[in-house]
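All remarks here apply to the structure that follows.
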Amino acid sequence: MDERYNFRESEPKWQAYWAETDAFAAEAASAKPKCYVLEMFPYPSGRIHMGHVRNYTLGDVIARFRRAQGYNVLHPMGWDAFGLPAENAAIQNRVHPAKWTRENISTMKAQFQPLGLSIDWSREVATCEPDYYRHEQKMFLDFLAAGLAYRKTSMVNWDPVEHTVLANEQVIDGKGWRSGAAVERRELAQWFLKITAFADDLLEALETLTEWPDRVRIMQHNWIGRSEGARVFFDLVGRDGKLEVFTTRPDTLFGASFCAISMNHPLAKELAETDPALREFVSACNAVGTSEAAIETAEKMGYRTPFSVVHPFDPARTLPVYVANFVLMEYGTGAIFGCPAHDQRDMDFARKYGLPVTAVVAPKDEDAAAFAAQLEAGAEAFTGDGVAINSGFLNGLAVAEAKRAAIGRLAAENRGSGTVQFRLRDWGVSRQRYWGCPIPMIHCPHCGVVPVPDDQLPVRLPEDVNFDQPGNPLANHPTWKNVSCPVCGKPAQRETDTFDTFFESSWYFARFCDPKNEGAAFDRAAVDYWLPVDQYIGGIEHAVLHLLYSRFFTRALKTCGYLGIDEPFKGLFTQGMVCHETYRAANGGWLYPAEVEKRGEQAVEIASGAPVSLGRSEKMSKSKKNTVDPGHIIETYGADAARLFMLSDSPPDRDLEWTEAGIDGAWRYIQRLWRLAAVPAVPLAESAETASVSFAGSAKETMAMAHRTIAAVTDDLARLRFNTAVAKLRELSNQIAATKPEDAGAPAAYRFALETLLRLIAPMTPHIAEEIWQALGHPQPLSAADWPQADPAWLAVDTVTLAVQVNGKLRATLEAAVGADAKTVESLAMALSAVQTHLGGRTPKKVIVVPDKIVNIVG
RNA sequence: GCCCGCUUGAUGGAAUCGGUAGACAUAACGGACUUAAAAUCCGUGGCCUUAUGGCGUGGGGGUUCGAGUCCCCCAGCGGGCACCA
């Protein structure tokens, strides 16, 4: 063996070997238990970045580890290939989105190869290809038939930059999730998927996802936003009809002093037609905007309509109806009743418009009359628990009981009912864009909207489009959209909207189970075998987008008989971001790390020698130029060093700070590992057989640590604690190097521990592990070797170090036999001079002995 | 405003059940080797201190023989949701 490890030779050699031998192909039929490991597939943006390297390295370690443990592993890769960047590239560079996308895929695939990932490339899919998207067109038609898809005209979020509609989940703080442009409200006819049909189930099933991070479950829980309450009908005074209101506090109905409706409420719209003052009020409200800051500072504004309503529990009382800027048409019924005493916003509104405040809940132990007087005079609403007062038949009931009683009376009198309201709304999937899956529907002037018949699928995207005019190229295409109606045969037009690209990513994990199937999306037996995904890995940014859509889609597919499960991802892991320090030149411009050289605490620009100011570490991004090119890193340090550093320091769910020192350290360890074999401190035994060898001194300790490390690393990898696994492997390396040749059994211990180290580290740094394994004379590759087993005999220890405390402070340690009884340990401890010194002659009041751990002498 | 998470040496982090705080690294420093540098090897390393002493896991309080870990209050940082009735 050479004294230095040459990754430039070794890494491509092993990658070629794995490819030639189909080393990572999943077995079709297997007696082994299955394990489906999946990382969120990438969008083919053009080049891979460090976030990809981290994501796919984490998945690869799990896949290789499980394979070695004897699982039939499915570890596929594909491309989330539809999307807007391809269209933007088409507009800017006059290159067709299909060409741009396919070239990016081949570039990125080539960039993935040198990472040495254990991927089954035979299952690769790209969602922009008709052999993929044809199946989701069929799924959509099945959803339509099952009542899970529908078309309606509604107010939608319109992104003025992307010229398309966005789903609620894609609007962040009033801005488009990708463009950052302020979203406008528009009324459009759209296709929707009925995600609300599963609202309760999606919420309740979060409990069963025990291998998901809590915060993702909480985020989905909040997003679904279930609230229990009541629907209440208020009779309108002087005209037919009722005003329907949703409330979570039917117990406070006796405290109602007004009703308020949204300016988009049918009653408000009707009134606006004849009331110019209301129209003026509406435009004043619209001018405020919907950004976070605008909403926070916006004043509660109301417009007094001529309408009033009758109180449901007291026909003698009427309440005025306002149009108010804070009532949303999209939530509940677009109308509320206001109870100022017990809702701060209603209180603010009542004070502003001189409406009465009546306390109807008082804390249990306070004087009701005094509390009510104080509340009604003040400006703070009381929202705590208590007992109903001033509330007729509800008086004396606690809040929860009063809610039930109020709902009971409403229902009995046909004035309302208990109901559950969700924040979640149906998923709008229409996008006015070209580079997406065509929605397989046809608009016929005679027959209405009709589905494209199965035998005419797929509806292919036409390639001959141009991007010279704004808007959707499909809508501007001269011929594509003109078809004959499949029902009546007369001229009709295709739907020119395409699906939201989250449609494709909502079922790709199922396609990987049977990726070449032409007749169907996938074979039922294949998904029954492979799904759910055992370990899914990706960024937290999809906590409510992709992950919620996929959970819905799986249920919808089950409804339509495609598969038999509810939850697509059994285990979910959300990895942290890859961050880097930021650099700014004197002129304020950002600088790439490659343009900066650090000299001690100072940093200077290499080209000019000018000082550079150091900024905080942030997520790598092109805009701040704090990026490092994965290709460059692999060329300089090799894939194993890059992978090792990705896994070493930070726990995988936390952000990782990429540093030069860190990758250097990983590189040095790779070389150190090589030297353990190439320049061994102890001549290696012929084989790793240790049963017939007797060990002493450092050799014995090396053996013991090797076995301890097997147990610890196996546990760490199963729990995705890669950083601590690396630490333990480094400890074992240190121990191997410290093995003394003169100690009995040293050659066997050295070889055994080294081979153990290689097998344990192989999932993380597979190339060098294979190389050394081969150099040690193994004819079979390490990638085909079994995972090592710790020998319980070596894990057993006969003595243990106990901490000795006096009054809770550590004063000494002592060696005792494992399992030594309390009396023995106590007398050993009392005999220690440090204990006697600190006791200062006092007699112990109490001695606590925790076997094999600690003795605490209280005196 | 509501919900969630985090806060440990110069730095990333470890401490899995309440039981020896700082594993393993990175940076630094001292030494060996070298003409020299790099690499490598050996060593030092929480703070204060004359210490066999004291203090120490964001701050304050509590429970406990014992708290980084549990409870209460507060602060800072990060994230999610938000005129949601």
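Below, chains carry the letters A, B, ... as their sequence lines are ordered, and counting in each starts from 1. Treat the numbers as computed from the prediction; the structure is a model and nothing was measured.
Listed candidates were B:A25, B:U16, B:A14. Nearest to the side chain of A:N734 is B:A25. Here B:G53 is the nucleotide among B:U16, B:A15, B:G53 with the atom lying nearest to any side-chain atom of A:H838. When distances are taken from the side chain of A:D715 to each of B:A85, B:C24, B:U16, the shortest belongs to B:U16. Proximity note for A:V850 (side chain, C-beta onward) versus B:G53, B:G19, B:C83: the nearest is B:G19. Between B:G79, B:U20, B:C24, one nucleotide has an atom nearer to the side chain of A:R215 than all others, and that is B:G79.
Rounded to a whole angstrom, the distance from the P atom of B:U50 to that of B:C41 is 36 Å. Taking atom P in both B:C74 and B:G1, the straight-line distance is 13 Å, to the nearest Å. When the P atom is used for both B:G61 and B:A67, the distance is 14 Å, rounded to whole Å.
One interatomic measurement links the two molecules: CD of A:Q344 to P of B:C2, which rounds to 12 Å at whole-angstrom precision.
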Problem set entry | Steps toward side-chain hydrogen bond (donor to acceptor under 3.5 Å, both in side chains) verdict (A:S648, A:Y669) | CA-CA 11 Å; A:S648 292; A:Y669 178 75; over 6 Å; no

Pick out the pairs of N or O atoms, protein on one side and nucleotides 38-43 of chain B on the other, that lie under 3.5 Å.
unit_1	atom_1	unit_2	atom_2	d
B:C41	OP1	A:R672	NH1	3.1

What N/O pairs connect the protein and nucleotides 11-13 of chain B at under 3.5 Å? Give each pair on its own line.
unit_1	atom_1	unit_2	atom_2	d
B:G12	O2'	A:S650	OG	3.3
B:G12	N2	A:D649	OD1	3.2

